[in-house]
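To start, the structure under review is shown below, and the notes come after it.
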Amino acid sequence: NAKSRGRNGFQFFNQQIQKNAERNAELYLHVKSAISRNEFALYYQPIVNPNSGKIVKAEVLLRWQYKGQFISPDEFIPIAEESGFIVQIGEWVRTEALNMLTRLQNKQLAVPLSINVSTIEFWTDDLQQRFLAYFDNKQTEFESNQLPYHLLTLEITESLMMKQQDSISQLLIELRRRGVQISVDDFGTGYSSLSYLANFPVDQVKIDKSFIQKISMGARHEALIEAIVSMSRALDLSIVAEGVETQYELDFIKQQDIEAVQGYFFYKPMAADVFVDLLAKQAKLN
Ligand code: C2E
Ligand code: MG
Ligand code: MG
Ligand code: MG
C-alpha cells in the first residue's frame, strides 16, 4: 500500500543521502593528495572561429583520475572549494597551463589558453594578494620564455563579481594591466545584474551552454541570446558561445556574428598530446 511504499521510498532516499555523504567524505579526504599522487591532468578544448573552423583559443579543463576513474570537475571542484584546497589546485592548473604555453610557443603553435578560476581563490584579501603574487613570481619565467600575458584568459563567474566588488575590480584591473584577459563564464546563469558587466573590467562573455541548447526550442530562447549578444557588443566585449553541439545551433551562432565557438560539434576536451598534435596539423594546412 501507499504507506509502506512511502516508507520504502523514504528509506531509499535516506540510503542515497548516506551514500552521497560517504562519497563526498572520501573525495574530500583524497583530493588533498591528488597533486602529490599525480592524479590531475589538464585537458584542452579548442575554441574555433565558427566560419573557418580554425582553432583560435582553447579552454583548459581539469581532470582527476581517482582509483582509475575520471571524476568530473563538477563533482570534485565544489569539494576542493569546501576544503580550501582549490587554491593549491588553481596554482597547479596555472603552472601546468603556462608549461603548455611554453611548449606551444617553442613549436610556434601557441594559441591563447583560457583558465577557470574559482570564486574561493578570491575569497579574502590575502588570497587576492596571493593570486597576483603568483603571476608576478612567474614574471621572470614569462620573460625568459617570452611568454606574453595576453595569451592567458581567466574565466570567472558572475557570483565572483557580486562579492567585495571594489577589491575584486581592483584585482582584475591589476591582472589586465599585465595583459591577462578576463572572461565571464556561464554568463546568464547567475545573478546577472547587467550593471556588473558595465562596472567590471572584463573583456569577454561566454554564453552558457544552457542557452545554446535551447536555440532550437523557439523564438523566445533565441531572443535571449540576441539580447546577450547586442548587450555584449554595446559594451565592446568579445563573445564565446559554449556547448554548440548541432549544425542548427552553429547556423544560429553564425547569424549572430559570434566570433568564437566551443562545443562538441567541433571538438571535445582532449589530452595535452592530442591537442598539440591537432595544432601542429592545423599549422601544416595553412
Ligand atoms: P565550464 O568552465 O563552463 O566548462 C565548460 C564545460 O562544458 C566543460 O565541462 C566542457 O567539457 C563542457 N562542454 C563543452 N562543450 C560542450 C558541449 O558541446 N556539450 C556539453 N554537454 N558539454 C560541453 P567539464 O570539463 O566537465 O567542466 C565542468 C566545470 O568544472 C567547468 O565548467 C568549470 O566550471 C569547472 N572546472 C573545470 N576545470 C576547472 C579548473 O581548472 N578550475 C576550476 N576552478 N574549475 C574548473
Ligand atoms: Mg569555463
Ligand atoms: Mg562555462
Ligand atoms: Mg560551468
Side-chain angles (χ1 to χ4, degrees), residues 27 31 34-35 39-48 50 55 57-66 69-100 112-123 127 131 134 152-160 181-190 192 202-216 225 228 239-250 252-253 258 260-272 274-275:
L27 296 182
V31 75
I35 291 179
E39 292 171 344
F40 283 136
L42 294 187
Y43 269 48
Y44 298 84
Q45 186 179 26
I47 298 171
V48 306
I55 299 169
K57 195 171 181 144
E59 179 170 7
V60 173
L61 294 160
L62 184 58
R63 296 291 178 263
W64 180 19
Q65 200 166 14
Y66 174 64
Q69 291 212 324
F70 278 114
I71 302 180
S72 161
D74 280 329
E75 188 176 7
F76 72 81
I77 294 285
I79 290 172
E81 286 179 336
E82 220 175 293
S83 68
F85 192 62
I86 189 68
V87 174
Q88 277 94 320
I89 293 178
E91 287 174 357
W92 184 88
V93 168
R94 290 189 283 283
T95 302
E96 196 76 355
L98 290 173
N99 289 342
M100 172 56 99
L113 295 181
S114 202
I115 304 174
N116 292 287
V117 176
S118 161
T119 312
I120 303 294
E121 297 186 73
F122 291 63
W123 203 247
L127 285 176
F131 195 93
Y134 171 89
L152 279 187
T153 299
L154 297 176
E155 297 189 4
I156 63 172
T157 56
E158 293 161 69
S159 57
L160 177 72
Q181 309 238 337
I182 307 294
S183 177
V184 183
D185 202 359
D186 303 340
F187 184 74
T189 61
S192 264
V202 300
D203 304 280
Q204 181 180 78
V205 296
K206 292 186 84 168
I207 303 176
D208 190 69
K209 56 178 175 288
S210 61
F211 294 103
I212 307 298
Q213 279 157 1
K214 287 181 185 140
I215 284 173
S216 60
I225 295 182
I228 293 176
I239 306 170
V240 176
E242 184 181 85
V244 172
E245 295 185 359
T246 68
Q247 182 71 53
Y248 187 89
E249 290 160 0
L250 179 63
F252 180 77
I253 293 303
I258 292 175
V261 173
Q262 175 181 3
Y264 297 169
F265 185 81
F266 289 100
Y267 300 103
K268 290 192 169 176
M270 57 188 79
V274 180
F275 176 58

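Atoms within each ligand, like the ligands themselves, are counted from 1 in listed order. From a predicted model like this one, the values you see are computed outputs, not experimental measurements.
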Subject >> Residue-ligand contact Glu59/ligand 1, heavy atom below 4.0 Å >> reply: yes
Original post:
Which ligand 1 atoms does Gln45 reach within 4.0 Å, using its non-hydrogen atoms?
Top reply: 10 (C), 14 (C), 15 (N)
**OP:** Give yes or no for whether the N/O distance cutoff of 3.5 Å, strictly under, is met between Phe265 and ligand 1.
**Re:** no
**OP:** Taking only heavy atoms of Glu242 into account, list the atoms of ligand 1 that are under 4.0 Å away from them.
**Re:** 3 (O), 5 (C)
**OP:** Pick one of side chain, backbone, both or neither for how Leu62 approaches ligand 1, counting any non-hydrogen atom pair under 4.0 Å.
**Re:** both
Subject >> Metal check, the Mg ion (ligand 3) vs Asp185 N/O/S, cut-off below 2.8 Å >> reply: yes
Subject >> Numbered atoms and elements of ligand 1 in range of Asp74, under 4.0 angstrom, heavy atoms >> reply: 28 (C), 29 (C), 30 (O)
Subject >> N/O donor-acceptor pair under 3.5 Å between Glu158 side chain and Gly188 backbone >> reply: yes
Original post:
When you draw lines from the Mg ion (ligand 2) to OE2 of Glu59 and to OE1 of Glu155, what angle lies between them, to the nearest 10°?
Top reply: 90°
**OP:** Can you measure from CD1 (Ile86) to CD1 (Ile77) and round to the nearest 0.5 angstrom?
**Re:** 4.0 Å
Original post:
Aromatic rings Tyr44 and Phe275: how do their planes relate, parallel, tilted or perpendicular, breaks at 30° and 60°?
Top reply: parallel
Original post:
Which option, Tyr264, Trp92, Phe76, Tyr43, owns the non-hydrogen atom nearest atom 23 (C) of ligand 1?
Top reply: Tyr264
Subject >> Enumerated ligand 1 atoms positioned under 4.0 Å from heavy atoms of Glu245 >> reply: 17 (C), 18 (O), 19 (N), 20 (C), 21 (N)
Original post:
Which atoms of ligand 1 have any heavy atom of Ile77 under 4.0 Å away?
Top reply: 43 (C), 45 (N), 46 (C)
Subject >> Partner set under side-chain hydrogen bond (donor to acceptor under 3.5 Å, both in side chains) for Gln247, not counting sequence neighbours >> reply: Asp251
Original post:
At under 4.0 Å between heavy atoms, which part of Ser118 makes contact with ligand 1: side chain, backbone, both or neither?
Top reply: both
**OP:** Could you tell me whether the side chain of Glu96 and the main chain of Trp92 form a donor-acceptor pair under 3.5 Å?
**Re:** no
**OP:** Please name all residues satisfying ring-ring contact (aromatic ring centres under 6.0 Å, His included) with Tyr66, sequence neighbours left out, ordered by chain then number.
**Re:** His30, Trp64
Subject >> Side-chain donor-acceptor contact under 3.5 Å, Thr153 with Gln181 >> reply: no
Subject >> Ser183 OG to Lys206 NZ distance, which is reported to the nearest 0.5 Å >> reply: 6.0 Å
**OP:** With rounding to the nearest 0.5 Å, note down the distance linking CD in Glu242 to CG in Asp186.
**Re:** 5.5 Å
Original post:
Just which atoms of ligand 1 are under 4.0 Å from any heavy atom in Asp186?
Top reply: 3 (O)
**OP:** Indicate, as side chain, backbone, both or neither, the part of Asp185 found under 4.0 angstrom from ligand 1 when only non-hydrogen atoms are considered.
**Re:** side chain
Original post:
Is ligand 1 less than 4.0 angstrom away from at least one heavy atom of Arg63?
Top reply: yes
Subject >> Any N, O or S atom of Asp186 closer than 2.8 Å to the Mg ion (ligand 3) >> reply: yes
Original post:
Does the side chain of Phe76 come within less than 4.5 Å of Leu62's, by heavy atoms?
Top reply: yes
**OP:** Would you mind finding which of Thr119, Thr157, Asn116 brings a heavy atom closest to atom 46 (C) of ligand 1?
**Re:** Asn116
**OP:** List every atom of ligand 1 that sits less than 4.0 Å from any heavy atom of Gly263, numbering the atoms from 1 in the order shown and giving each element.
**Re:** 15 (N), 18 (O)
Original post:
When you measure from the side chain of Asp185 to the backbone N and O of Thr157, does any donor-acceptor pair fall under 3.5 Å?
Top reply: no
Original post:
Do you see an N/O/S atom of Ser183, backbone or side chain, under 2.8 Å from the Mg ion (ligand 2)?
Top reply: no
**OP:** Identify, by atom number and element, the atoms of ligand 1 in contact range of Val244, meaning under 4.0 Å from any of its heavy atoms.
**Re:** 18 (O)
Subject >> Check: Glu121 side chain, Ser118 main-chain N or O, donor-acceptor pair, under 3.5 Å >> reply: yes
